[in-house]
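In what follows, a structure is listed as structure tokens, so that the remarks can point back to it.
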Amino acid sequence: MKKYTGLDDITDLQELIAQARELKNNPYAYEQLGKRKRLVMLFFNSSLRTRLSTEKAASNLGMDVTVMNFNSDAWKLEFEDGTVMDADTSEHIKEAAQVISQYADIIAVRAFPTLTDKAKDESEYVISSFVKYASVPIVNMESATAHPLQALADAITITELAKKKKPKVVLSWAPHPKALPHAVANSFIGMMQKMDVDFTITHPKGYELDKAVVKDSVVEYDQDAALKDADFVYVKNWSNYENYGKVLATTDSHTSWTITDEKLGEARFMHCLPVRRNVIVTDSVLDGKNSVVIEQANNRTYSAQVILKSILENLN
Ligand SMILES: NCCC[C@H](NC(=O)CCC(=O)O)C(=O)O
Ligand SMILES: NC(=O)OP(=O)(O)O
């Protein structure tokens, strides 16, 4: 693998999942592979799981790691070409990416969307500028429109826990007070389209996601109908896509989308975390036997590790 910015960088998903599960059983099997190699992780946004699991994954492979919180610690970056930099940006991505490439063998980047400028977000200007100007492989730790490390961890989790060959997987929208990105939902949808699952998306009318992402996946607006006989219920809020980045007035018809024991039935509850208790999902579901969110977060390590391993094996 030359980079991991999106699911398109995966050539053989089943092989990747199998290797991730082997790494989970034997995490130090490749501890020589990353020796004297450095992962530089750049965060433009907060993180708990991605930061800690990716660092653990890199150290399991023998890599050294540098973490930088870009917004608080680095110079403010300019991404536009030809700008007269007489305002608040101090350094251009052209120099920054080339400089960081001298200190890193792999660069991983987290950069959320603005949720105000759709065209700018969809251009993925942060991560694609790193791809353009860096001379080392780039890993996406959640960009404006995609969270492929999360989606791979989700695929590993579903593969491990599935009790039938073709489980029914439902992606359900749930309410949230803040405007949240589409990235997790987008990558989960893309991943389910690559897997042999019976997949349904459910959300209130008006919360349609990008058609280019949804493609021919089933959308069922009746949440109860969608959840019927589900084996896995993946819950996620996203802000409005058409009315870009807006949280439509929270009506009773939206708060009723909160996942309860009754709605979940015997299905497994999945969420990427962090999760707002009693808004997205009730305490009882999260604390109950069908919640797999902690194991899902555990699989973030092996998702990151199999990607780093695959990139390390392809370094010149
Ligand atoms: N990396 C996992 C999710 C990150 C982000 N969630 C959040 O910002 C939640 C913040 C809050 O609940 O205040 C998202 O939805 O893409
Ligand atoms: N799921 C996830 O990406 O979590 P963090 O935002 O805490 O990294």
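Counting starts at 1 for both ligands and their atoms, in listed order.
- In summary, the side chains of Asn140 and Ser143 do present a donor paired with an acceptor at a separation below 3.5 Å, with no hydrogens or angles considered.
- Within the structure, ligand 1 has Arg110 among the residues with a heavy atom less than 4.0 angstrom away.
- Taking every heavy atom of Leu48 and a limit of under 4.0 angstrom, the matching atoms of ligand 2 come to 5 (P), 7 (O), 8 (O).
- Donor-acceptor pairing under 3.5 Å is recorded for the side chains of Lys3 and Thr5.
- The only option from Gln305, Lys24, Gln14, Lys309 that meets the side-chain hydrogen bond (donor to acceptor under 3.5 Å, both in side chains) definition with Gln19 turns out to be Lys309.
- Annotation for ligand 1: atoms under 4.0 Å from non-hydrogen atoms of His147 are 1 (N).
- Between Tyr244 and Tyr241, the two ring planes are perpendicular [angle over 60°; tilted spans 30° to 60°].
- Applying the 4.0 Å criterion to heavy atoms of His147 picks out, from ligand 2, the atoms 2 (C), 3 (O).
- Residue Arg276 has at least one heavy-atom neighbour below 4.0 Å for each of these atoms of ligand 1: 11 (C), 12 (O), 13 (O).
- Per-residue contacts place Cys272 under 4.0 angstrom from the following atoms of ligand 2 (heavy atoms of the residue considered): 1 (N).
- Side-chain contact annotation: Asn186 with Thr145, donor-acceptor N/O pair under 3.5 Å absent.
- Atoms of ligand 1 lying under 4.0 Å from at least one heavy atom of Pro181, given by number and element, are 14 (C), 15 (O), 16 (O).
- No donor-acceptor contact under 3.5 angstrom links the side chains of Gln98 and Gln102, judged on distance only.
- Residue contacts with ligand 1, taken as heavy atom pairs separated by less than 4.0 Å, do not involve Gln150 at all.
- Of all the heavy atoms of Leu273, the ones lying under 4.0 Å from any atom of ligand 1 belong exclusively to the backbone.
- Partner of Asp196 under the salt bridge (charged side-chain N to carboxylate O under 4.0 Å, His left out) criterion, out of Lys164, Lys165, Lys168: Lys165 alone.
- Cation-pi geometry between Lys120 and Tyr125 is met: under 6.0 angstrom from the ring centre, within 45 degrees of the axis.
- Ring planes of Tyr133 and His92: perpendicular class, angle over 60° (limits at 30 and 60°).
- The pair Glu266-Lys163 fails the salt-bridge criterion, with no side-chain N (NZ, NE, NH1 or NH2) lying under 4.0 Å from an Asp/Glu carboxylate O.
- For atom 5 (C) of ligand 1, the candidate residues are Glu142, Met141, Arg300; the nearest heavy-atom contact is made by Glu142.
- Under a 4.0 Å criterion applied to the non-hydrogen atoms of Lys178, ligand 1 contributes the atoms 10 (C), 11 (C), 13 (O).
- The protein heavy-atom contact nearest to atom 15 (O) of ligand 1 is Lys236 NZ, 2.7 Å.
- Below 4.0 Å from some heavy atom of Arg300 lie the following atoms of ligand 2, by number and element: 1 (N), 2 (C), 3 (O).
- Close contacts of ligand 2 with Leu273, meaning ligand atoms under 4.0 Å from a residue heavy atom, involve 1 (N), 2 (C), 4 (O).
- With a 4.0 Å cut-off on non-hydrogen atoms, His271 does not touch ligand 1 at all.
- The shortest heavy-atom distance from His176 to ligand 1 is under 4.0 Å.
- Taking only non-hydrogen atoms, the option from Arg110, Glu142, Met141 nearest to atom 6 (O) of ligand 2 is Arg110.
- When only interatomic distances are considered, the shortest N/O to N/O separation between Ser47 and ligand 2 falls below 3.5 Å.
- If you check which protein heavy atom lies closest to atom 4 (O) of ligand 2, you get Arg49 NE, 2.8 Å.
- A salt bridge does not link Lys166 with Asp198: every distance from a Lys NZ or Arg NE/NH1/NH2 to an Asp or Glu carboxylate oxygen is 4.0 Å or more.
- For the residue pair Asn60 / Glu31, no side-chain donor-acceptor distance below 3.5 Å is found, with atom types taken as modelled.
- Remark: ligand 1 atoms within the under-4.0 Å shell around heavy atoms of Leu180 are 7 (C), 8 (O), 9 (C), 15 (O).
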